[in-house]
Amino acid sequence: MEDQPGLVVSGVAKTYVSEDGPVPALGPVDLQVSRGRFVTLIGPSGCGKSTLLRVVAGLDRPDTGAISIFGEDPEYARRLKHIGFVPQALALLPWRTVLENARLPLELNRSAGTGRPKPARDPAEVLRALGLGEVLDRRPAELSGGMRQRVAIARAFVHEPAVLLMDEPFSSLDELTGEVLRHELLQLWQSTGTTVLFVSHSVSEAVLLSDEVVVMTHAPGRVAAVIPVTLERPRGDLVEVSDAFRDVEREVRLALRSVMHAGQPRP
Amino acid sequence: MTNLRRTTHAPRRRRRAARLVARWAPAAVLLGLLVLAWQLVALHNAYLIPRIGAIWSQIVDHPREFLDAAGVTLEESGVGLGASFVIAFSLAIAMSHIPVVERAVMPLAVILNVTPVVSLAPGLAVAFSFTMTPRYLVTGIIVFFPLLVNSLVGLRSIDPGALQYFQTLHASRLEVLLHLRIPSSLPFLFAAARICFPLSVIGAVVSEFSTAGTASGLGSLIEVGFQENYLPQIYAAIFCLSLLGLAFTLLVTLVERRVLSWHPAGSARR
Ligand SMILES: Nc1ncnc2c1ncn2[C@@H]1O[C@H](COP(=O)(O)OP(=O)(O)OP(=O)(O)O)[C@@H](O)[C@H]1O
Ligand SMILES: [Mg+2]
């Protein structure tokens with residue numbers, strides 16, 4: 001199961017057109033994420049990570065190249081609700097309670113839910129697994145930043161998407177909360193087997209979470225290096241202080257450094 | 001137990017009462033001073049303004065007349081406002097989805113807005129003779145533009161990130177409308193209600209001025225008072241109009257507090 005093609009990005013490039021002329025934002029990028037794998041993108045700011053995620057989610061069309069999500073194009077995958085998305089700005093609905101927010105993916109595009117082999121998860125149960133059992137009836141404005149982040153994560157898991165796309169979900173949290181949430185995410189992910197494409201700007205976060213870390217170049221971002229992370233799973237609280245962890249972390253840092261020194265203008 | 005409750009609750013109630021007094025005492029004092037000034041002027045210049053007692057007894061002696069008139073005026077503003085809202089909101093939904101509809105409708109709506117609508121009243125009265133139609137039309141037209149603009153801005157005030165999230169689930173346009181656009185527009189609709197009810201009452205009263213003979217509202221009472229040179233009736237009707245506006249504003253505030261409890265501006269106002 002591990003090496004079946006999950007998410008395949010081949011030759012994808014994107015150039016935005018602004019008033020000052022074309023802005024090459026991405027690629028061409030070739031990338032493969034095997035089924036059930038957790039892969040993290042890391043690279044200089046503005047190198048096109050969010051753009052790549054948007055293209056994979058079918059929100060933006062690439063100029064060249066193609067995406068395949070378990071053999072389907074993104075448009076079709078969206079139609080079947082195979083895509084889970086955690087945007088950086090969360091996008092929770094302020095008028096809905098925590099539970100109602102987590103239920104949203106089940107209410108939208110209902111026709112996609114029929115004929116699916118797996119029944120969707122119970123939103124309340126996912127929320128409880130993330131420690132939100134006490135606040136099901138609160139509104140997002142009444143929550144801390146970490147709790148809001150948990151709601152967005154729960155919402156992404158509720159409809160059991162085949163591919164989960166997460167754009168720097170922990171970057172606005174303090175160090176301690178981020179730490180707790182990373183481990184909670186790992187636990188939740190391990191209980192589902194979803195394929196994850198994650199964007200991060202923290203090397204240690206990338207190493208802790210991933211099976212592979214993909215280092216990208218300056219804009220237009222290409223794949224500079226793919227670094228496998230062979231640390232055993234499940235990864236407990238102590239994995240970050242192990243020597244093996246430090247070794248991978250150093251490897252990623254070096255790859256990033258050579259990208260940063262590659263003679264590109266600073267953004 | 002009872003004892004305990006009494007000792008913990010009594011000070012809180014007293015504190016609440018103190019806060020209420022602090023909140024409303026200045027307005028009450030100012031109002032009292034104005035009433036006093038009014039009464040002083042009225043006592044010596046009966047031809048300028050009537051005494052408060054005369055206004056009051058006007059209402060107390062003819063309660064049915066004023067109640068019926070208030071009902072008529074309320075009906076005019078209510079029907080005009082309701083019909084106008086249905087049309088404006090539907091148009092705004094169409095405009096937020098189809099650009100060409102906006103390009104067609106907006107210039108005409110602006111022209112309608114800069115036309116002093118009350119000046120239409122006499123013409124409409126002639127056209128529809130003595131029915132309620134011209135009154136509904138004037139109140140409806142006068143609130144149309146603010147309703148349309150607020151609906152449109154509200155329906156467009158969606159969080160772009162939330163829209164993208166909806167798109168990743170392939171939500172239909174109808175789902176985006178029901179679960180995203182309409183809830184986002186509610187704060188704007190409540191703001192519109194606060195502006196438009198007083199506006200619609202203006203429309204109703206003015207249209208009553210030029211359509212005598214039809215069911216008499218508060219504006220008709222003012223008109224009759226004017227013709228008979230009888231000030232207490234004029235001011236009694238004005239007093240009722242203020243009361244009507246106050247009651248409506250209170251109602252909107254209460255509903256808004258329930259419906260918009262999630263909205264930061266709504267909870268800050270509390
Ligand atoms: N809608 C757009 N129109 C024009 N240019 C855009 C648009 N979106 C992104 N860009 C440009 O494309 C490039 C890549 O942007 P993108 O947001 O994908 O970068 P990123 O790697 O996610 O950056 P960060 O790490 O800061 O989030 C940037 O130069 C950006 O200015
Ligand atoms: Mg980004």
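In the text below, chain A, chain B and the rest are named by the order of the sequence lines, each starting its count at 1.
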Which atom of [X] lies closest to which atom of [Y], heavy atoms considered:
X	Y	result
A:A57	B:T168	CB-CG2, 4.2 Å
B:L180	A:W95	O-CH2, 3.8 Å
A:L108	B:A171	CD1-CB, 4.2 Å

Give the interface residues of residues 76-91 of chain B toward chain A, defined by a heavy-atom separation under 4.5 Å.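 Listed by number: none.
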Portion of [X] that has a non-hydrogen atom of chain B nearer than 4.5 angstrom:
X	answer
A:R54	side chain
A:I83	both
A:E142	neither
A:Q88	neither
A:R139	side chain

Are more than 12 heavy atoms from other residues, nucleotides or ligands located less than 6.0 Å from atom [atom1] of [X]?
X	atom1	result
B:E102	CD	yes
B:R156	CZ	yes
A:Y16	OH	yes

Check whether any side-chain N or O of A:N109 sits under 3.5 Å from a backbone N or O of B:L169 as a donor-acceptor pair, and report yes or no.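 Such a contact is found between A:N109 side chain and B:L169 backbone.
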Whether the side chain of B:Q167 engages the backbone of A:L59 through a donor-acceptor N/O pair (distance < 3.5 Å, no angle test) should be reported.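 Pair absent, no side-chain N/O of B:Q167 close to backbone of A:L59.
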Which atoms of B:L186 approach chain A - backbone, side chain, both or neither, heavy atom under 4.5 Å: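 No part of B:L186 comes within 4.5 Å of chain A.
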With a 4.5 angstrom heavy-atom cut-off, could you sort out which part of B:S172 is near chain A: side chain, backbone, both or neither?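 The answer is neither part of B:S172.
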Rounded to the nearest 0.5 Å, how far apart are CG of A:L104 and CZ of B:F166?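 Rounded to the nearest 0.5 Å, the CG-CZ separation comes out at 4.5 Å.
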Side-chain touch B:H179/A:R96, heavy atoms, less than 4.5 angstrom: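 Touching, per the 4.5 Å side-chain cut-off.
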Are the side chains of A:P140 and B:W262 in contact, using a 4.5 Å heavy-atom criterion?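 Answer no - side chains too far apart.
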Can you spot which of A:E75, A:H82, A:K81 makes a side-chain contact (heavy atoms from CB on, under 4.5 Å) with B:H170?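 It is A:E75; the other options fail the test.
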I need the residue from A:P74, A:G84, A:P105 with the largest number of non-hydrogen atom pairs under 4.5 Å to chain B.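 Option with the top pair count is A:P105.
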